[in-house]
Amino acid sequence: MATKSSDYNFSEIEPSWQKYWDERKTFAASDETDKEKYYVLDMFPYPSGAGLHVGHPEGYTGSDILARYQRAKGKNVLHPIGWDAFGLPTEQYAIQTGQPPQETSVKNIANFREQLQRIGFYYDYDREVNTTDPNYYRWTQWIFLQLFKRGLAYVDERPVWWCEALGTVLANEEVIDGKSERGSHPVVRKNLRQWVLKITAYAERLLEDLDTVDWPSSTKKMQTEWIGKSTGATARFGIVDSDKTLEIYTTRPDTLMGVTYMVVSPEHPLIDELTTTSNAEAVQTYKLAAANKSDLERTDLAKDKTGVFTGSYAIHPITGKQIPIWVADYVLISYGTGAIMAVPAHDTRDFEFAQQFNLPIVPVIKGGDDDELPYIGDGVLINSGEYDGLPWQEAKEKITESLAAKGQGEASTQYKLRDWLFSRQRYWGEPFPVAWVSKSDYDSAVASGVLEGWIPEQPVVFETESSTLYALPVPEKALPLTLPHVESYEPSGSGESPLAKATDWLEIWYNYETGEYVPASQDKPAGDRWVRATRETNTMPQWAGSCWYYLRYIDPKNSDTFADRSKQDYWQVPDLYIGGAEHAVLHLLYARFWHKVLFDEGVVPTKEPFTKLFHQGIILGEDGQKMSKSRGNVINPNVIIDEYGADTLRLYLMFLGPLEAMKPWSSKGIEGVHRFLKKVWRCVVAEDGLSPKIKDSSDADDKETLKAINECIKKVTDDVENLRFNTAISAMMIFANHLQSTDSVSKDTVKKFIQLLAPFAPHIGEELWSRLGGEASITTAGWPAVDESALVVDEVNVVFQVMGKVRGQATVSKSATQDEVLAIAKADPKVAAHIDGKTIRKVIYVPGKILNIVAN
Ligand code: ANZ
């Protein structure tokens, strides 16, 4: 198999080994084996038109080294790849060019695949998944139906982020500082009918189970904060001259006696009732102004507080005092109850508001000598009647109990996590597998029993101006519901997706038992179960397909189920997941949610999808700035491969620094690793075969060589296990220097070294292995073991002291004499500095331990 040339001709070697792997399916994972499994997962790419950037192969090389290492160790390795191919850029390209996204995707994927293959990744391409393939999204729709039947999917008319430039609604997470995450376009609030997934029903489990996974602590922290659990109390305040009550949520019931006013958010349902005639105009104006501000703008501490008085008063549950009720936009409708009790003495926002509008400020917590307001620390209660003197924690409980005794409140837990806005007004996404029908048709479909087990307890309903529609699930056997062909990919502008124009798909005669349909313009088909229905024009967001792709790799071609259970029992979930930290709260939270739903459904064996997670660091441009087209500092992997080869690219990406670190690209560094590979090549290959220094006899290694190779094995093994690829490469470089300097080495030792190198630089690894007479492929050649006895050497560590103070140390031969050790000590710059100009009076040497110099 080896090539002929005696030069390191990477452009010949690399494609020939890639072909070898491809033809022999070297990287195929087996489903039938007694071997231990190892499943390593990469975050699959969005196949953009621009092709791969160096960020992709960085993480992918890390996982590839592990895949190859584990395979060498005899495991059955699954290292798959696929395509997260739904998405906005492809749709926008379709809008500009009229090219169907289906076609663009296929081209982009082919390009990505070719690029990945050129880097020599250990991927089982037979298991490729593509989220836009109907045979894949069939199961995405199926999982949606699991959520639907469990009552975890509903529709709601709600204020959403609307991006005019993108013509779509965005999720909270896709809006950053009032701009779209993609493209940085302005966004505004708009009311639209939306599909929403009830992720909040899983808030507590999503939080608790973070304790069971081995993830970077920063990512766990981000999810914890995103879920945002807080404990406190809800309290109901009576309203003067009204039989209504105003319910608030507070984390500080201990401050109840310091309440001087109340605030409702501008969207609060009671607002019109609370507003008195003389205040109506001001409140109305205020509501309109608040509607176009983002939550961030509204709650920003740095912004001036605004608000207006409603004219109404609440009644304090303990003192019975009257408290003015204001409207202010720093209170959000989406959190707690959308109303607060304001305690300006102990809350920063309330304090600023009270100052601005001259409202009273009553301190009720005293903490030490600090009298400055607002005081947000802990302490004991003051100005609080019967609660005076209580430590605040105790007061929290006591006051909550008093409220409960009056029936005016109770302990309460809140989460910042909101339900997941799950629809997009887009063409290029998964269609929702539902049909909207009238109430009577819904009722008869339910009564017929043919959809038994798939109907949610609460019907999913939405009201249009003319009618009320009910969502019927598409029967399982009729999936996938495929995207119809459309002529134009422009959004409709009214917030509806281009699917609104696919009339024959949208307005239909629909058979709820079989899922068959014909355009409504045709005659109603004969037979039972046919009803008039309307399709959903929204599609699912790009997150849907990536919520479960790691399961499909286990059984990618199954047409009976998303993944066979016995295969899942073997492969379980990935042993390691490598991908960017930017996914800390989006993909990584959504996928956990879906996985838990599937677990509850009994169709996956584990509670968590990703037990161990690792984030690769961002690679910056050579200028230390984020790589971007506009800066012109983007590195294209293809260019590096052309010039230096894929092995150099891989080694370089791993040698840049710790995998998790953010680090700049450096063209100089790439020369260094390339030289290293050339050096290894020259140590092995000579004009007419192998280098003359390589001997067949295993006696060819001296003690030094044996020590060097065993140290290298030990270090590389340990580093690979811990994903410290940069220091593993350093260790190999040290050994290569030794190899270069020695004139005799056994073939056996050289082969061991090549085995270590192969996961990092697999092409040169295969080539040298084969030239050394190894049987291809090196992938299955095993992993060398450390000979501990070769590491034991006759050396000891000696500490140098001057006048009893430690000034240095060195490793010396066990048999070294006092004079020899003294000479080594004197050569140590620190020791030298302390005896400089002095006379050595005495030297005490405890062999193998301490050398003390007495000098003055
Ligand atoms: C009285 C109080 C006194 C509060 C005090 C704080 C300090 P976290 O901790 O983030 O959960 N709040 C409640 N609902 C709100 C809403 N919809 N919009 C804006 N603010 C809201 O925040 C809980 C605290 O934030 C609550 O406790 C409430 O103010 C405010 F010395 O009640 B607090």
Nearest-0.5 Å distance, CD of residue Glu394 to CG of residue Asp254: 11.5 Å

Val327 and Val263: CA distance, side-chain angles, deciding distance, side chain to side chain contact (heavy atoms under 4.5 Å, CB included) verdict: CA-CA 5 Å; Val327 191; Val263 183; 5.9 Å; no

Main-chain N/O of Thr275 paired with Asn279 side-chain donor or acceptor, under 3.5 Å: no

Donor-acceptor side-chain pairing of Ser230 and Tyr335 below 3.5 angstrom: yes

Reported CG-to-CD1 distance for the pair Leu256 and Ile318, which is rounded to 0.5 angstrom: 5.0 Å

Residue pair Tyr387, Ser402: steps toward the side chain to side chain donor-acceptor pair (under 3.5 Å) verdict: CA-CA 11 Å; Tyr387 307 105; Ser402 316; 2.7 Å; yes

More than 12 heavy atoms from other groups under 6.0 Å of CG on Asp241: no

Candidate list Tyr202, Phe422, Trp543, test ring-ring contact (aromatic ring centres under 6.0 Å, His included), partner Phe593, passing option: Tyr202

Closest heavy-atom pair and its distance - Thr219, Leu588: CG2-CD1, 4.4 Å

CD1/Ile176: more than 12 non-hydrogen atoms of other groups inside 6.0 Å: yes

Check against side chain to side chain donor-acceptor pair (under 3.5 Å), Thr606 and His595: CA-CA 8 Å; Thr606 66; His595 194 88; 2.9 Å; yes

Check: Val380 and Asp388 side chains under 4.5 Å, non-hydrogen atoms: no

Any Val264 side-chain heavy atom under 4.5 Å of Val331 side chain: no

Leu197 and Asp419, any side-chain heavy atoms less than 4.5 Å apart: no

Worked verdict on Arg631 versus Glu622 for salt bridge (charged side-chain N to carboxylate O under 4.0 Å, His left out): CA-CA 11 Å; Arg631 286 205 188 87; Glu622 193 131 29; over 6 Å; no

Shortest non-hydrogen contact from Pro574 toward Leu41: CG-CD2, 3.7 Å

Over 12 foreign heavy atoms within 6.0 Å of CD, Gln625: yes

Inter-residue atom distance Tyr154.OH - Leu147.CG, 0.5 Å rounding: 12.5 Å

Check: Val213 and Phe610 side chains under 4.5 Å, non-hydrogen atoms: no

Parallel, tilted or perpendicular: ring planes of Tyr375 versus His346, cut at 30 and 60 degrees: perpendicular

Pair Glu225-Lys416, salt bridge (charged side-chain N to carboxylate O under 4.0 Å, His left out): steps then yes or no: CA-CA 8 Å; Glu225 284 170 5; Lys416 293 238 155 72; over 6 Å; no

Within 6.0 Å of NZ in Lys366, more than 12 heavy atoms from elsewhere: yes

Working for salt bridge (charged side-chain N to carboxylate O under 4.0 Å, His left out), residues Asp600 and Arg205: CA-CA 12 Å; Asp600 290 350; Arg205 284 165 67 187; 2.9 Å; yes

Trp392 six-ring face occupied by Lys396 cation (under 6.0 Å, within 45°): yes

Which residues share a side chain to side chain donor-acceptor pair (under 3.5 Å) with Trp195, sequence neighbours left out: Glu536

Thr348 vs Ile376 side-chain heavy atoms within contact, under 4.5 Å: yes

Donor on one side chain, acceptor on other, Thr234 and Glu410, under 3.5 Å: yes

Aromatic ring proximity, centroids under 6.0 angstrom, Tyr261 and Phe309: no

Atom pair CD1/CZ of Ile315 and Arg236 - distance to nearest 0.5 Å: 14.5 Å

Minimum heavy-atom distance between Gly232 and Tyr249, given as atom pair plus value: N-OH, 3.5 Å

Exercise: do Tyr415 and Thr200 side chains pair donor with acceptor under 3.5 Å: no

Nearest heavy atoms of Arg150 and Gln146, plus distance in Å: CG-O, 3.0 Å

Donor-acceptor under 3.5 Å (Ser242 side chain, Ile239 main chain): no

Side chain to side chain contact (heavy atoms under 4.5 Å, CB included) assessment of Trp226 paired with Leu417: CA-CA 6 Å; Trp226 189 261; Leu417 186 67; 3.7 Å; yes

Criterion ring-ring contact (aromatic ring centres under 6.0 Å, His included) on Trp215 and Phe614, from CA distance to verdict: CA-CA 7 Å; Trp215 283 22; Phe614 191 92; over 10 Å; no

Salt bridge (charged side-chain N to carboxylate O under 4.0 Å, His left out) between Arg193 and Glu157, intermediate numbers included: CA-CA 4 Å; Arg193 180 184 58 84; Glu157 170 104 2; over 6 Å; no

Working for side chain to side chain donor-acceptor pair (under 3.5 Å), residues Gln194 and Ser423: CA-CA 6 Å; Gln194 300 292 328; Ser423 39; 2.9 Å; yes

Pairing of Arg349 and Asp347 as salt bridge, 4.0 angstrom limit: no

Closest non-hydrogen atom pair, Leu270 against Thr245: CD1-O, 3.5 Å

CZ-CD1 distance between Arg418 and Ile227, expressed to the nearest 0.5 angstrom: 12.5 Å

Closest heavy-atom pair and its distance - Leu207, Lys229: CD2-CD, 3.6 Å

Residue pair Ile618 / Glu58, side-chain heavy-atom distance below 4.5 Å: no

Trace of the side chain to side chain contact (heavy atoms under 4.5 Å, CB included) decision for Phe148 with Val460: CA-CA 9 Å; Phe148 176 85; Val460 174; 3.6 Å; yes

Gln393 atom CD, over 12 foreign heavy atoms within 6.0 Å: yes

Single hit among Lys596, Lys220, Arg592 for salt bridge (charged side-chain N to carboxylate O under 4.0 Å, His left out) with Asp209: Lys596

Intermediate values then yes/no, side chain to side chain donor-acceptor pair (under 3.5 Å), Glu164 and Trp162: CA-CA 6 Å; Glu164 194 62 50; Trp162 170 258; 3.0 Å; yes

Pairwise distance CD(Gln414) to OG1(Thr337) - rounded to 0.5 angstrom: 7.5 Å

